[in-house]
2 protein chains.
Amino acid sequence: MDRIDAAILKSLAADARAPVSTIATQVGLSQSACTRRIQALEASGHVQGYGARLGHRRLGFRITALVDITLGTQVEEDLARFEAAVAQIDGVVECALVSGGQDYRLKILARDLDDYERLHREHLGRLPGVVTINSSFVLRSIPTRSEAEALFGGR
Amino acid sequence: MDRIDAAILKSLAADARAPVSTIATQVGLSQSACTRRIQALEASGHVQGYGARLGHRRLGFRITALVDITLGTQVEEDLARFEAAVAQIDGVVECALVSGGQDYRLKILARDLDDYERLHREHLGRLPGVVTINSSFVLRSIPTRSEAEALFGGR
DNA sequence: CTTCCATGCGCATCGGCGTTCCCAAGGAAA
DNA sequence: TTTCCTTGGGAACGCCGATGCGCATGGAAG
């Protein structure tokens, strides 16, 4: 992990489908060296995969909900049951157990408010062990540093 | 946007660097037809780009913080100033204005608690108009449906 | 200081992939 | 029915990516 690797990761994070030759030029390396480094980064787990950035809005999903959920108990078994149930729900794209009150934070995508209401009623409301559910809706997303920029220093 | 397009998007979301020929086989199309559809999806904004999934932990970033921030005012100018300042902070990878108390929710990556403390002191604490800052730390991430699965129906 | 070894780059090659033509088939409108 | 438009398949061409080889560099040992 040197400066060149960081540059490669930035480049891959910005455009994962860019030709290796392009990336190589950007970071000042030959194709072959760049290819080998990329393979090494994949093998070492620094790169875990590649994905497409989807246009939610364009796909008809206009609601992003950030949901806080608290459980009645903090027994590991109950947490596990809750997590297993959450993992089955369509629309839940992120879920994390967080400090500070032992609750969960989810990110949920939905087509519209009706769709979210349905999700809330049919799935969230039936999760085991839940005491409170608190939904916030994203009114506006602020562009931030990209993941790679955040990790390797700005801009 | 038919079933085939959805399948292509799922495939691209799962592995953006997969050869088109592989994707074509998966969705039951020829290479040429598949390429055309991918290009169309990119042009229409359904696909906005491709990125690498980075292994934060492996890269030395062990802290994921979810931060709630409330401002003193809701005047649009103040919001804009806040957002402009937030966008400059390294480590902030997501930021959204949400309903319910007119506050912001950020996701922040840091190397460790010391690093986060520094970030908090040097940057978060100096954001304009802030009244309260509430940090939660991710103790455990629960695997959920992928974005594509959430959008096009699970499995 | 010299020698050896390991690491990592660049070059060239070759196999495979992606893009782009062209043509055919199916459906809608006139 | 005819025409047009859309969309898929096939083949060719050019380009890309993976691998092997030779070489340079740097550090350690003698």
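As a basis for the values below, the full set of heavy atoms in this structure was taken, side chains included, without hydrogen atoms, waters or symmetry mates. Residue numbers start from 1 in every chain, and the chains themselves are labelled A, B, ... in the order their sequence lines are given, proteins ahead of strands.
One can place CD of B/Gln31 at 13 Å from C1' of D/dG8, the figure rounded to the nearest angstrom. In this structure, B/Gln39 atom CD and D/dT6 atom C1' are separated by 16 Å, rounded to whole Å. Between the C1' atom of C/dT19 and the CD atom of B/Glu42 lies a distance of 13 Å, rounded to the nearest Å. A straight line from CD1 of B/Ile8 to P of D/dG8 spans 9 Å, rounded to a whole angstrom. Rounded to an integer number of Å, the gap from B/Leu12 CG to C/dG18 C1' is 14 Å. In this structure, A/Arg3 atom CZ and C/dC9 atom P are separated by 16 Å, rounded to whole Å. As rounded to whole Å, 13 Å separates atom P of C/dT20 from atom CD1 of B/Ile38. Following rounding to the nearest Å, A/Ile23 (CD1) and D/dG17 (P) show an atom-to-atom distance of 8 Å.
Under a cut-off of 6.0 angstrom, the local environment of CZ in B/Arg57 is sparse, with at most 12 non-hydrogen atoms contributed by other residues, nucleotides or ligands.
Taking 3.5 Å as the limit, the base of C/dG8 and the side chain of A/Arg37 contain no donor-acceptor pair of atoms between them. Contact annotation: side chain of A/Arg36 to base of C/dG10, donor-acceptor pair present below 3.5 Å. Within 3.5 Å, no donor on the side chain of A/Ser32 pairs with an acceptor on the base of C/dC9, nor the reverse.
A sub-4.0 Å separation between OP1 or OP2 of D/dG17 and a side-chain N or O of A/Ser21 is present. In this structure, B/Thr35 reaches the C/dT19 phosphate: one of its side-chain N or O atoms is under 4.0 Å from OP1 or OP2.
Considering CD of B/Gln39 and CG of B/Leu41, their distance stands at 10.0 Å, rounded to 0.5 Å.
For the pairing with B/Cys34, the side-chain contact (heavy atoms from CB on, under 4.5 Å) check across B/Ile23, B/Thr22, B/Ile4 returns one residue only, B/Ile23.
When distances run from any side-chain atom of B/Leu29 to the nucleotides C/dG18, D/dG9, C/dC9, the shortest one goes to D/dG9.
Between A/Ser30 and A/Arg17, the residue anchored nearer the 5' end of DNA chain C, judged by the nucleotide with its closest heavy atom, is A/Ser30.
With hydrogens and angles ignored, the 3.5 Å screen pairs no side-chain donor or acceptor of A/Thr70 with any backbone N or O of A/Val131.
Between A/Phe82 and A/Tyr104, the angle of the ring planes lies from 30° to 60°, which puts this pair in the tilted group.
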